[in-house]
Amino acid sequence: MSHVIAIDGPSGAGKSSVSRSVGRRMRFLHVDSGALYRIMTWQCLLNKIDTSNPEAIAEFSQSVEVECIPEEGAITYRVNGERPGNAIRTPEINRHASPVATVKAVRDRITQWLQEMTRFGNIIVEGRDITTAVFPDSPARFYLDASAEARAERRRKEEVKKGIADQSVEDVKKSLLTRDKIDSTRKHAPLRKADGAFAIDSTSMTLEDVIETVIEALPDSWKKDLK
Ligand code: DC
């Protein structure tokens with residue numbers, strides 16, 4: 001049976017950097033579950049679906065097909081043969097993703113895609129409900145958090161570096177907090193720390209410290225291939 005490392009936490013807590021690095025060192029495929037919610041949102045917007053209408057989103061979501069391909073240490077996605085790239089990282093997608101992610105039919109479909117990814121082997125999956133709803137039985141579950149200021153600063157730097165946007169830290173923080181609120185108060189699989197998940201506050205930790213903390217906490221029998 002494949003092993004699963006599950007990492008949840010709010011936006012900008014460092015989940016992507018941490019899970020990519022831990023995945024590389026453990027030789028576990030990195031799975032970005034947020035990208036699937038972003039793809040759903042992107043497809044809704046391209047097809048002029050009203051993202052304030054849950055019924056319309058639910059119906060449309062059943063027609064979206066995503067191809068999952070293991071490639072260079074990660075699961076990559078294609079929609080109609082196309083890689084989504086930065087089209088799913090824009091402030092517009094940020095704004096619409098949380099409402100789309102509240103829709104149960106969307107969550108059920110993406111949860112099934114994620115659970116089926118164990119067919120590719122050992123995986124490290126990051127998101128908002130991985131420890132609570134997608135892989136609640138994994139012995140390696142983490143909740144990564146940081147202060148809102150630190151998260152906004154990191155997200156802003158990332159957006160500028162990728163050339164996606166150049167918003168002020170205040171605007172990034174506002175957008176993060178709005179999304180956190182929707183993600184943690186929604187009815188279906190809200191963001192929360194799961195009972196038994198290992199909590200890490202990365203506000204004043206380096207990326208390397210967080211990576212070491214996660215690896216240290218993994219079951220010893222999983223670490224035979226550690227690089
Ligand atoms: O991690 P991210 O910012 O790329 O996530 C995009 C959106 O998807 C965000 O609003 C939260 C939502 N999401 C979710 O509800 N459940 C997940 N497992 C991952 C992301």
Side-chain angles (χ1 to χ4, degrees), residues 4-20 30-45 51-52 54 57-58 61 64 66 68 74-77 79 84-117 123-136 138 141-146 148 151-152 154-159 162 164-165 167 172-194 197 202:
V4 176
I5 302 172
I7 303 195
D8 282 329
S11 314
K15 299 186 299 292
S16 295
S17 312
V18 171
S19 38
R20 246 185 249 121
H30 172 236
V31 179
D32 175 2
S33 69
L36 293 171
Y37 287 92
R38 288 172 178 274
I39 285 173
M40 276 291 186
T41 309
W42 177 51
Q43 289 300 305
C44 283
L45 296 177
T51 60
S52 63
I57 297 171
S61 68
V64 176
V66 178
C68 302
I75 301 294
T76 58
Y77 308 118
V79 182
N86 282 342
I88 60 167
R89 307 278 163 200
T90 63
E92 192 190 15
I93 300 279
N94 289 348
R95 254 198 326 278
H96 293 271
S98 284
V100 169
T102 60
V103 177
K104 187 170 184 302
V106 169
R107 305 208 66 81
D108 288 348
R109 192 158 166 81
I110 292 179
T111 296
Q112 191 187 344
W113 289 342
L114 292 168
Q115 290 172 338
E116 288 171 357
M117 285 187 198
I123 53 178
I124 177 162
V125 191
E126 54 157 310
R128 303 290 191 292
D129 65 340
I130 310 304
T131 59
T132 55
V134 184
F135 293 109
S138 164
R141 294 177 304 142
F142 298 86
Y143 187 83
L144 193 55
D145 204 353
R151 294 190 290 118
R154 287 176 193 162
R155 253 303 137 88
R156 192 187 114 74
K157 276 199 191 136
E158 214 174 87
E159 288 182 357
K162 288 188 180 162
I164 299 169
Q167 310 178 89
V172 177
K173 185 173 157 191
K174 233 187 277 165
S175 148
L176 282 186
L177 292 178
T178 307
R179 282 201 288 150
D180 286 357
K181 182 143 188 243
I182 302 177
D183 293 340
S184 55
T185 56
R186 68 179 172 226
K187 186 163 160 225
H188 305 293
L191 170 67
R192 64 174 177 85
K193 186 193 145 327
S202 72

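Atoms within a ligand are numbered from 1 in the order they appear, just like the ligands themselves. Because the structure is a prediction, the values reported are computed rather than measured.
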* Flag, side chain of Asp8 to backbone of Tyr143, donor-acceptor distance under 3.5 Å -> no
* Side-chain heavy-atom pair Leu191, Pro10 within 4.5 angstrom cut-off -> yes
* Asked: Is the closest side-chain heavy-atom distance between Ile130 and Ile7 below 4.5 Å?
  -> no
* To do: Just need the protein heavy atom nearest to atom 4 (O) of ligand 1, so name the residue and atom and give the distance.
  => Arg38 NE, 2.6 Å
* **Per-atom contacts, ligand 1 versus Asp183 - under 4.0 Å to a heavy atom** => 9 (C), 10 (O), 11 (C)
* To do: Do me a favour and list the nearest non-hydrogen protein atom to atom 16 (N) of ligand 1 with residue, atom name and distance?
  => Arg107 NH2, 3.0 Å
* Side chain, backbone, both or neither: Met40 near ligand 1, heavy atoms under 4.0 Å -> neither
* Just do the side-chain contact (heavy atoms from CB on, under 4.5 Å) check on Leu36 and Tyr77 with the steps written out, would you? => CA-CA 8 Å; Leu36 293 171; Tyr77 308 118; 3.6 Å; yes
* Is there side-chain contact between Leu144 and Ser202, with at least one heavy-atom pair below 4.5 Å? -> yes
* Select one of side chain, backbone, both or neither to describe which atoms of Ala101 lie under 4.0 Å from any atom of ligand 1, heavy atoms only. => side chain
* Test of proximity, Ser33 against ligand 1: N or O pairs below 3.5 Å -> yes
* To do: Would you please name every residue forming a salt bridge (charged side-chain N to carboxylate O under 4.0 Å, His left out) with Arg156, sequence neighbours left out?
  => Asp166
* For ligand 1, find out whether one of its N or O atoms is nearer than 3.5 Å to an N or O atom of Ser11. => no
* Looking only at heavy atoms, is any part of Glu126 under 4.0 Å from ligand 1, and if so is it the side chain, the backbone, or both, or is it neither? -> neither
* **Ser11 side chain to Arg128 side chain, donor-acceptor N/O pair below 3.5 angstrom** => yes
* Mode of Asp129 contact toward ligand 1 - side chain, backbone, both, neither (heavy atoms, under 4.0 Å) -> both
* **Donor-acceptor contact present, side-chain Arg109 to main-chain Val64, <3.5 Å** => yes
* Asked: If we only count N/O pairs under 3.5 Å, is Asp32 in contact with ligand 1?
  -> no
* Asked: Among Ala35, Ser184, Ser98, which one has a heavy atom closest to atom 10 (O) of ligand 1?
  -> Ser98
* To do: Examine distances only and state if a side-chain atom of Arg38 and a backbone atom of Thr41 form a donor-acceptor pair shorter than 3.5 Å.
  => no
* Within the side chain of Lys15, is there an N or O that forms a donor-acceptor pair under 3.5 Å with the backbone of Gly9? -> yes
* Asked: Who's the nearest protein heavy-atom neighbour of atom 7 (C) of ligand 1, and how far?
  -> Ala97 CB, 3.8 Å
* Structure fact -> For Gly34, the atoms of ligand 1 under 4.0 Å from one of its heavy atoms are 4 (O), 5 (O), 6 (C), 19 (C), 20 (C)
* Asked: Nearest protein heavy-atom contact for atom 8 (O) of ligand 1: which residue, which atom, what distance?
  -> Tyr37 CB, 3.3 Å
* Option nearest atom 13 (N) of ligand 1 (shortest heavy-atom distance, choices Lys15, Arg128, Arg89) -> Arg128
